[in-house]
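Below is one structure, written out as C-alpha cells; the observations come after it.
Remember, predicted model here, so these are calculated numbers, not experimental data.
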Amino acid sequence: MTAIPQLCFVSCYTDIHQLAHAPDGTSARQSQGVLSFMLDAEKGLLTSVGAADAGLNPSFLALHPSLDVLYSCTESVVKDGEVWVLGFERLTGRISALAPAASAQGTSTCYLFPSRNERHLLYCNYWSSSVGSLELEDTGAFAACQAPAVEVPSQFRGIAAKPHGTDPHSEHRLRETHAHAIQLDPAHGRLAFVPDLGEDVIKRFIFNPKIGSLEFAGTENVDSMFDRSEVARVGPRYLVFHPKLDVVYVVNELASTVSVHTFSRQVASMVTPENTGIKTLRQLQSVSTIPAGFPRKLNTCSGLMLDPSGELLGVANRGHDSIALYRVNHAAGAVGQLSLLQINHTGGREPRHFAWDATGQFLLACNQNSDELALMRVDRNSGAAVVVQTVRAPSCNFVLPCPPSA
C-alpha cells in the first residue's frame, strides 16, 4: 500500500531587521511567508506545493484541532503581533487567507496553543511578555470582540527589553521578563504553563475555557540540578507533556539542557489564584544537549519535540547546529527519564525549529541562517539522523507537519 504524502508547513521571516535576535539569513518575500511542502516518506522526498502571505515575519504555526485551518503569528519588536487564519487543501497543499487576522496586543508573538474545547486560541508575546486568548467561531475564524492581553507578573516588569544582537547570552537578557510559550496541562486543560526565560521560572495561569480568561497562579521551578558555574541562568524556553506518562520535559535555552519532571494531576487540579504555593512539577533529571567540552555560551537550544510514539525526544541546538536524540525510559525507578542516543548535525546553520514527520522516520529542521529546510532520515534504534535533502526556505523558523486526516 502506497503511503499518502504528508503535508508540511514552514514559516519564513520576511524582515529580519525587526527581530529580537540578529539572524544572518535572507528575508523571504512577503508573498512566501508561509510555505507548504509534500513529504513522500517512502522516497524521502520533499516537494514544494504552495505559498501564502501571512503578514510580517510569520513565526509560530498551529493547527485547529478539527478543521483544516492553520494559524500563524507575526514576530516583531516594533509592531504588535497579529494572528493570521489560513485555510489549506490537504490534497494539493494550497494555502490562502481564510479570515481577518486578530491582534495579539503585544510585541514578538511567539507561541500559539488551541484550547481543548476549540473555543479559544491561546497566545504568548515574547518581547512585551504578555499572554492572552482569542475567541474562535465555529469556522475557526476569530470572534469580532476579543479580551485584552494579560501582562506576565515579574520582578523585571517595567525594564525595557533590548535587542539581543548576535549574543543570546547577553547579560541584559537576564534582567528582563520574556514569556516564551504557553501550554495547557493535558489532564484538565485549565492550568497554563508559561516559561519566563528572563526570570528563570515557569509562570502558571488558571485558564477559564468558557470565557478564555487567564489569571496568574504562581510559579514552578526550573532546572535546579544544573551547575550554574558556566552560565548564570538556564533560560526555560519550551515544555512538552508526554502523551502517555505524567512527565514533562523542559528545554532550557541558555543552559543547553533538558530537565525532566513528574507532573501531578492531583496538585494541578488544586491550584487556584489563592493557592499558589503548591508545585505540580518535581524534577527527576537534567541532561545536556551538547557534547562535553563544547562551550555552553556558544550554544542556545531552540525546539523540543517528542516523536509520534512518545519513545524518542529531540532537541535542537543553535551554535552546535545539531539535534540531540534521546530515548524515553520505561524501566521501574526511571520512568520518563532520558538516555542520550546521538547528537546529529543538521547540515546547516542555526536550526531554529524542527519537527518529526507522522511516521517518526524523518526530522525536518529549519536551518534559519542557511535559508534551508533539511530533511533528515532517522535510525530509530541508534538515534543517528542523516540529511537526505535540503530545500530553499529563506529565514525559515518553524515547521509543522499536518497529521493525516481521520
Side-chain angles (χ1 to χ4, degrees), residues 8 10-13 16 19-28 35 37 44 46 59-60 75 110 164-170 173 180 197 230-231 234-235 237-238 249 251-258 287-305 307 312-326 338 340-357 362-379 382-400:
C8 304
V10 177
S11 52
C12 301
Y13 289 133
I16 60 176
L19 300 171
H21 56 297
D24 60 6
T26 305
S27 295
L35 308 176
F37 296 87
L46 283 167
S59 57
F60 199 96
E75 187 177 332
C110 63
H164 311 329
T166 56
D167 181 12
H169 289 273
S170 300
R173 198 181 185 197
H180 219 308
L197 186 146
E230 191 172 350
V231 294
V234 299
R237 180 181 174 93
Y238 292 151
Y249 303 98
V251 63
N252 300 296
E253 177 176 332
L254 303 181
S256 297
T257 64
V258 176
V287 296
S288 179
T289 69
I290 51 178
F294 192 88
R296 295 187 186 277
K297 287 200 172 184
L298 295 183
N299 189 73
T300 56
C301 292
S302 56
L304 168 83
M305 186 171 287
D307 84 310
L312 299 178
L313 178 82
V315 181
N317 293 302
R318 298 169 294 181
H320 192 255
D321 295 339
S322 60
I323 296 176
L325 293 183
Y326 307 84
L338 301 174
L340 177 65
L341 294 175
Q342 290 208 40
I343 301 176
N344 305 279
H345 286 282
T346 61
R349 295 182 295 121
E350 202 82 358
R352 187 169 182 82
H353 191 256
F354 78 97
W356 294 89
D357 84 312
F362 292 95
L363 295 169
L364 298 102
C366 291
N367 288 323
Q368 178 186 358
N369 286 354
S370 301
D371 295 330
E372 64 184 16
L373 177 70
L375 180 65
M376 306 174 70
R377 188 186 297 274
V378 178
D379 182 319
S382 69
V386 295
V387 176
V388 295
Q389 184 188 9
T390 59
V391 294
R392 180 168 170 76
S395 291
C396 53
N397 64 81
F398 199 90
V399 55
L400 178 65

Shortest non-hydrogen contact from Val251 toward Cys301 = CG2-CB, 3.4 Å

Listed once per pair and sorted, the salt bridge (Lys or Arg N to Asp or Glu O under 4.0 Å) pairs that draw on residues 384-399, sequence neighbours left out = none

Sequence neighbours excluded, the answer for salt bridge (charged side-chain N to carboxylate O under 4.0 Å, His left out) partners of Asp321 is none

Quick one: salt bridge (charged side-chain N to carboxylate O under 4.0 Å, His left out) partners of Glu350, sequence neighbours excluded?
-> none

Taking all heavy atoms of Pro351 and all of Ser302, pick out the closest pair and write down the distance.
-> O-OG, 2.7 Å

What are the two closest non-hydrogen atoms of Phe37 and Val391, and how far apart are they?
-> CE2-CG2, 3.8 Å

Taking every heavy atom of Ser170 against every heavy atom of His164, the minimum-distance pair comes out as OG-O, 3.6 Å

Thr300 and Arg318: side-chain donor and acceptor closer than 3.5 Å?
-> yes

Given side chains that start at C-beta, do those of Leu19 and Glu75 come closer than 4.5 Å, heavy atoms only?
-> yes

Side chains of Asp371 and Ser395: does their closest heavy-atom pair fall under 4.5 Å?
-> yes

Any Leu312 side-chain heavy atom under 4.5 Å of Tyr326 side chain = no

Of all the heavy-atom pairs spanning Trp356 and Val378, show the shortest one and how long it is.
-> CZ3-CG2, 4.1 Å

Side chains of Ser322 and Asn317: is there a donor and an acceptor less than 3.5 Å apart?
-> yes

Pick one: which of Val387, Thr346, Asn367 meets side chain to side chain contact (heavy atoms under 4.5 Å, CB included) with Glu372?
-> Asn367

Salt-bridged, Glu253 to Arg173, with N to O below 4.0 Å?
-> yes

For Ser59 and Asn397, run side chain to side chain donor-acceptor pair (under 3.5 Å): C-alpha distance rounded to whole Å, both residues' side-chain angles, the deciding distance at 0.1 Å, then the answer.
-> CA-CA 6 Å; Ser59 57; Asn397 64 81; 4.9 Å; no

Shortest non-hydrogen separation from Ala28 to Cys12 and the atoms involved = CB-CB, 3.7 Å

Which of parallel (below 30°), tilted (30 to 60°) and perpendicular (above 60°) describes Phe60 and Tyr238?
-> perpendicular

